[in-house]
Peer 1: 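Below are the C-alpha cells for one structure; questions will follow.
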Amino acid sequence: MIILGHFVSNEFWPGVSNRISEIRNPATGAVTGKAALASIEDVDTIVKTAALAAPAWAATPPASRATIMFEFRDLLTKHTDELAELLSSEHGKSLPDAKAEIARGIEVVEFACGIPQLLKNEHSEIDAEEVASFSVRQPLGVVAGITPFNFPAMIPLWMYPVAIACGNTFVLKPSEKDPSVVMRIAELFAQAGLPPGVFNVVNGDKVAADALLNHPQVEAISFVGSTAIGQHIYARGSTNGKRVQALCGAKNHLVVMPDADLDRVTDALIGSAGERCMAMSVAVPVGEDTANRLIEALVPRVRAMKVAPFTDPSSELGPVISKQSYDRIHTYIEQGLDMGAELVVDGRDITLQGYEDGYFIGGCLFDHVTADMPIYKDEIFGPVLSVVRVASYEDAVGLINDHEFGNGTAIFTREGDAARDFWARARTGIVGVNVPIPVPVAYHSFGGWKRSLFGDHHIHGMEGVRFNTRLKTMTSRWSSGIRTGAKFNFTDGKDL
Ligand code: NAD
C-alpha cells in the first residue's frame, strides 16, 4: 500500500517522519490507504521552501498569477469526475455531492482569476499642496491552512486560491482522514504552471498543525474545523503574532413560520442533513399547528432517505466519517431519549448488505427537543434533526440569539416584514430567507459570529483578499513645477 507523503516544490516528498495514519473507506471500515504524519522537521522543510518561493511570487504581476488561475480552473473542471470519485472513496459522500463540492470550490478559483481588479487600490491626488497619498495591499508571505474532513476539496479551495492570487505562498495541512483529493489537486495546480514552492501540502495531525502555529516564517493561518480546536489555533497563533481566522462549529436553526411553504421547508431540511457546518440541524416551527404539520411532512421524507455507499447512484446519505463519529452520534441519540425528547424517526437500526462494518446511520428525527438538552446545545455533526417547538416568532429569534454558536440560520416565510426583521436581528454571520445552507457565492464572504468564528475576517470574497494582504499607505510630495516654475526639460541632461 502506497504511503501518501507531502507535496512540496511541485513534487511528492515522503518526509522524514516515521509516523503514519490510516485512511479508511467509511462505507466498509476497511483501511484503503496510509498517509505520512509530518514531524516538526518536515513542517520546517516545507515552510522554508514556501518562504524561499515567496519574494519572486509576490513580485509576479497579478495578471500573470491570474493566467495560472484560469488554467487551474480549466483543469479542475476537466478532472471533476476523477476528483469526485477520489473524494467520495475517502469521505463517503455521494458522487453528486462530491461534484457539487468541487464546483463550489471552482467558484473561488474563478473569483481569484479577477485578482488584478481586486488588488486595485485607493489614491487621493491632492491631500495638501503637492502631496498625494495612496494605499496598496501587499502579500503577507507564507500563509498556512488547516482544514476539516467534511469538505476535503472545497474548504481548502476557500483558502489557497485567494491567498496565492494575492501573492502569498501557501502550506496546506488537510484533514488526515481524507487527504488524497488535495494531493491530486496540488498536482493539477502545478500542471497549470504554478512555480515550485508556491502551493505545498503537508500531511499530518496535531504535531503538524502546532508546528505551523509555532513556525516563525508562517505569517497567517486560516483554519476551518471544530470550535475546541479552532479556539486553540486562534490562541496559539495570535500569541505567536500571526494573523488567524478560525471558522468553527455550528448549530444552525431553520425557523418555520406558519405561512411557510412546507414542501420547500422539508426539501431544505432533508437536503442539509449530516456532516455540514451549514446543516440546518434544528427546525423551529412557530406555533403548535405549524409544528404538527411540519412533523407530518418530515416523517415520511426522513424515513425515505436512501442510505447507501457512494457507489450506489441513488445514495442520498452516505456513512459518517469514522467509528468515533458513529459512536458519538449514537451517544447523543441515547442522551436525547433519556432526557425526554421524542425520537419520531430512528435511523440507528440500519444494516446494509456487504457494508456491515461501515459507519452508516439513517436519518433521525427528534421532536419536543428543549434548549437544555445536549442534542440541542451541541453540534452532533450527523444526520440528526431536532425540532424545537416555539410559541412565537420572538421566541424563535431569542433561541437563535442565545445559542453559543452563530454560524448561520434561515427563515421560511412568505411575509416580507418577518424576513426583513429576521435578517436584521439574527446574531449569525450567514442568514437565509427561503434558502437552506446559505453559503454565499465566492465573491461574497462566508463566516460565523459568536463561537463559530475566532478572528475578524470571514473567508473568500473581499474579506479573503483583506485577510491575505497587509495595507500600506504612502504619502509623497513631488514639486509640481507649477509652484517652482521648473521646466521639465530632459533633453539637455540638466536637472529641473
Ligand atoms: P477538527 O477540528 O477535528 O479538525 C480540523 C483540523 O484540525 C484537521 O486538519 C485536524 O487534523 C486538525 N486538528 C485536530 N486536532 C487538533 C489539535 N489538537 N491541534 C491542532 N490541530 C488539530 O474538525 P473535523 O472533525 O475535521 O471537522 C468537523 C468540524 O469542522 C465541525 O465542528 C464543523 O462544524 C466544522 N466546520 C466548520 C465550518 C465553518 O465554515 N464554520 C466548515 C466546515 C466544517
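Order of appearance sets the numbers: ligands from 1, and atoms from 1 within every ligand. Bear in mind the structure is a predicted one, so any value in this text is a computation, not a measurement.
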Peer 1: For ligand 1, which atoms have a heavy atom of Ile146 less than 4.0 angstrom away?
Peer 2: 6 (C), 7 (O), 9 (O)

Peer 1: Checking a contact table here: which protein heavy atom is nearest atom 13 (N) of ligand 1, and how many Å away?
Peer 2: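 For atom 13 (N) of ligand 1, the nearest protein heavy atom is Ile229 CG2, 3.8 Å.
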
Peer 1: Determine, step by step, whether Phe454 and His232 satisfy the ring pair (Phe, Tyr, Trp, His ring centres under 6.0 Å) criterion, reporting the C-alpha distance in whole Å, the side-chain angles of both residues, the deciding distance to 0.1 Å, and the verdict.
Peer 2: CA-CA 10 Å; Phe454 299 94; His232 157 72; over 10 Å; no

Peer 1: Should you measure from each heavy atom of Ile155, which atoms of ligand 1 turn up under 4.0 Å away?
Peer 2: 42 (C), 43 (C)

Peer 1: Minimum distance, heavy atoms only, to atom 28 (C) of ligand 1: which one of Trp158, Phe223, Phe381 is it?
Peer 2: Phe381

Peer 1: So, is Thr227 polar-close to ligand 1, with some N/O to N/O distance under 3.5 Å?
Peer 2: no

Peer 1: Side chains of Arg328 and Phe381: closer than 4.5 Å at any heavy-atom pair?
Peer 2: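 Result yes, sub-4.5 Å side-chain heavy-atom pair found.
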
Peer 1: Please work out which of Met154, Glu379, Lys173 has its closest non-hydrogen atom nearest to atom 32 (O) of ligand 1.
Peer 2: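 Of the listed residues, Glu379 has the closest heavy atom.
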
Peer 1: What is the closest protein heavy atom to atom 27 (O) of ligand 1, and at what distance does it sit?
Peer 2: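 Here the nearest protein heavy atom works out to Pro148 CB, 3.2 Å.
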
Peer 1: Is the closest side-chain heavy-atom distance between Val31 and Arg24 below 4.5 Å?
Peer 2: yes

Peer 1: If you measure every N or O of Phe446 against every N or O of ligand 1, does any of those distances drop under 3.5 Å?
Peer 2: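 In this structure, Phe446 places no N or O atom under 3.5 Å from an N or O of ligand 1.
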
Peer 1: Just going by heavy-atom distances, which of Lys206, Gln324, Arg236, Lys251 is nearest to atom 18 (N) of ligand 1?
Peer 2: Lys206

Peer 1: Considering the heavy atoms of Gly249, write down every atom of ligand 1 situated less than 4.0 Å from one of them.
Peer 2: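 Answer, ordered by atom number: 32 (O), 34 (O).
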
Peer 1: Spell out, as yes or no, whether a donor-acceptor pair under 3.5 Å connects the side chain of Lys173 to the backbone of Ala144.
Peer 2: no

Peer 1: Answer yes if the side chains of Glu176 and Ser21 hold a donor-acceptor pair under 3.5 Å, and no otherwise.
Peer 2: no

Peer 1: Is there any N or O on Thr147 that sits under 3.5 Å from an N or O of ligand 1?
Peer 2: yes

Peer 1: Need the ligand 1 atom indices (1-based, order shown) with element for anything under 4.0 Å from a heavy-atom of Ala209.
Peer 2: 20 (C), 21 (N)

Peer 1: Using a 3.5 Å distance criterion without hydrogens, assess whether the side chain of Asp367 forms a donor-acceptor pair with backbone atoms of Ser386.
Peer 2: no

Peer 1: Give the residue and atom name of whichever protein heavy atom lies nearest to atom 44 (C) of ligand 1, and the separation in Å to one decimal.
Peer 2: Asn150 OD1, 3.3 Å

Peer 1: Looking only at distances, please establish whether an N/O atom of ligand 1 is found under 3.5 Å from an N/O atom of Glu176.
Peer 2: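 N/O-N/O distance below 3.5 Å exists for this pair.
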
Peer 1: For ligand 1, is any non-hydrogen atom under 4.0 Å from Ala228's backbone (N, CA, C, O), its side chain (CB onward), both, or neither?
Peer 2: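 Contact part for Ala228 vs ligand 1: neither.
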
Peer 1: Among all protein heavy atoms in this structure, tell me which lies nearest to atom 1 (P) of ligand 1, with the distance rounded to 0.1 Å.
Peer 2: Ser226 OG, 3.7 Å

Peer 1: Indicate whether any N or O donor in one side chain lies under 3.5 Å from an N or O acceptor in the other, for Asp44 and His215.
Peer 2: yes

Peer 1: Should we say atom CG of Asp338 is surrounded by more than 12 heavy atoms from elsewhere, each under 6.0 Å from it?
Peer 2: yes

Peer 1: Specify whether the nearest protein heavy atom to atom 4 (O) of ligand 1 is under 4.0 angstrom away.
Peer 2: no

Peer 1: Any heavy-atom pair between the side chains of Tyr332 and Met373 that's under 4.5 Å?
Peer 2: no

Peer 1: Would you check if Lys251 and Ile380 make a side-chain contact, meaning some heavy-atom pair closer than 4.5 Å?
Peer 2: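 Sidechains of Ile380 and Lys251: in contact.
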
Peer 1: Closer than 4.0 angstrom: is that true for some heavy atom of Phe405 and an atom of ligand 1?
Peer 2: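 No, Phe405 has no heavy atoms under 4.0 Å from ligand 1.
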
Peer 1: For atom 42 (C) of ligand 1, which protein heavy atom lies nearest, and how many Å away is it?
Peer 2: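 Here the nearest protein heavy atom works out to Cys277 SG, 2.9 Å.
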
Peer 1: At what distance is the nearest protein heavy atom to atom 41 (N) of ligand 1, and which residue and atom is it?
Peer 2: Cys248 O, 2.7 Å

Peer 1: Report yes or no: does a heavy atom of Phe151 sit under 4.0 Å from some atom of ligand 1?
Peer 2: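 Outside the 4.0 Å threshold, so no.
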
Peer 1: What residue and heavy atom of the protein are closest to atom 35 (C) of ligand 1, and at what distance?
Peer 2: Gly225 O, 3.2 Å

Peer 1: In terms of heavy-atom contacts, does NE2 of His444 have more than 12 from other residues, nucleotides or ligands at under 6.0 Å?
Peer 2: no

Peer 1: Please confirm whether Gly448 comes under 4.0 Å of ligand 1, counting heavy atoms of the residue only.
Peer 2: no

Peer 1: Taking atom types as modelled, is there a side-chain donor on Asp42 or Ser39 under 3.5 Å from an acceptor on the other?
Peer 2: yes

Peer 1: For atom 24 (P) of ligand 1, which protein heavy atom lies nearest, and how many Å away is it?
Peer 2: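 Protein heavy atom with the smallest distance to atom 24 (P) of ligand 1: Phe149 CD2, 3.6 Å.
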
Peer 1: For the backbone of Ala30 and the side chain of Asn25, can you confirm whether one donor and one acceptor N or O come within less than 3.5 Å of each other?
Peer 2: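 Flag not set: sc Asn25 to bb Ala30 has no pair under 3.5 Å.
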
Peer 1: Any idea which part of Leu247 is under 4.0 Å from ligand 1, heavy-atom wise: side chain, backbone, both or neither?
Peer 2: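 Both of them.
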
Peer 1: Under 3.5 Å, is there a donor-acceptor pair linking the side chains of Ser9 and Glu11?
Peer 2: no

Peer 1: Can you check side chain to side chain contact (heavy atoms under 4.5 Å, CB included) on Leu194 and Ile164, steps first, answer last?
Peer 2: CA-CA 10 Å; Leu194 197 69; Ile164 288 174; 4.1 Å; yes

